Amino acid sequence: MQKTVMPHVIDLPRIYDPRGNLSFLQNNDGIIPFAIERVYWIYDVPAGEERGAHSHHEGKELLIALAGSFNVNLFDGKEWHHFILNRPFQGLYVPPGYWRTLDNFSSGSVCMVLTSTPYDETDYVREFEEFMKLAENGKA
Ligand code: TYD
């Protein structure tokens, strides 16, 4: 089943300044397609390591490369969608139901994630076989 909202890169506000640039987000700004409930960030990733390898039943996420770069690989059960994040003024919107892996982290990179839900382990699908079963039934 085709998902109604696809993953996509969202341009964030940028305030150019010779002293250094600034970007920002806030709830109800019409830019992020959900209200922010939680923020976490991934950093100090050793070379060659992979993060993620799960999907969410409900949680929506916006991933931002605050520093450095990394790859985000998203699978909808049929097709992979690949993104390179390396700009602190762009966010990748990941709807629920996408298996995701993050890899190819550059040294010093920081991945900030804004999410629509509080942390809840029951919202995770951590087994790929389970994800595939859900996807085949249109329930991923
Ligand atoms: P996990 O979501 O598996 O990391 P990744 O994004 O690489 O898939 O989370 C790793 C650990 O951190 C896991 O034990 C759950 C814990 N955790 C929290 O306690 N709160 C959080 O908000 C997040 C995202 C993870």
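Any value given below was found using the heavy atoms of this structure, including those in side chains, with hydrogens, waters and symmetry copies removed. From a predicted model like this one, the values you see are computed outputs, not experimental measurements. When a ligand or atom number is given, it counts from 1 through the structure's own listing order.
Arg51 CZ to Phe70 CZ: the interatomic distance, rounded to the nearest 0.5 Å, is 11.5 Å. If you take NZ on Lys139 and CG on Leu134, they are separated by 8.5 Å, rounding to the nearest 0.5 Å. Rounded to the nearest 0.5 Å, atoms SG (Cys111) and OH (Tyr43) are 12.5 Å apart. The CG atom of Leu22 lies 6.5 Å from the CD1 atom of Ile15; values are rounded to the nearest 0.5 Å.
Among the atoms of Glu121, none of the N or O lies under 3.5 angstrom from an N or O of ligand 1. Between His54 and ligand 1, at least one N/O pair is under 3.5 Å apart.
Protein heavy atom at the shortest distance from atom 24 (C) of ligand 1 is Arg38 NH1, 3.4 Å. Here the protein heavy atom with the shortest distance to atom 14 (O) of ligand 1 is Tyr119 OH, 4.7 Å. The shortest contact between atom 4 (O) of ligand 1 and any protein heavy atom is with Arg51 NH2, 3.1 Å.
Proximity of atom 12 (O) of ligand 1 to the protein is not indicated, since no non-hydrogen protein atom lies closer than 4.0 angstrom.
Applying the 4.0 Å criterion to heavy atoms of Arg126 picks out, from ligand 1, the atoms 1 (P), 2 (O), 3 (O). Annotation for ligand 1: atoms under 4.0 Å from non-hydrogen atoms of Tyr40 are 24 (C). Taking every non-hydrogen atom of Gly52 and a distance limit under 4.0 Å, the qualifying atoms of ligand 1 come out as 5 (P), 7 (O), 8 (O). If you number the atoms of ligand 1 from 1 as listed, the ones under 4.0 Å from a heavy atom of Tyr124 come out as 1 (P), 2 (O), 24 (C).
A cation-pi contact links Arg126 to Tyr124, judged by a cut-off of 6.0 Å to the six-membered ring centre and 45° from its axis.
Judged by distance alone, the side chains of Asp103 and Thr101 never bring a donor and an acceptor atom under 3.5 Å apart.
Applying the side-chain contact (heavy atoms from CB on, under 4.5 Å) criterion to Arg38, with sequence neighbours excluded, gives Tyr40, Thr115, Thr117, Tyr119.
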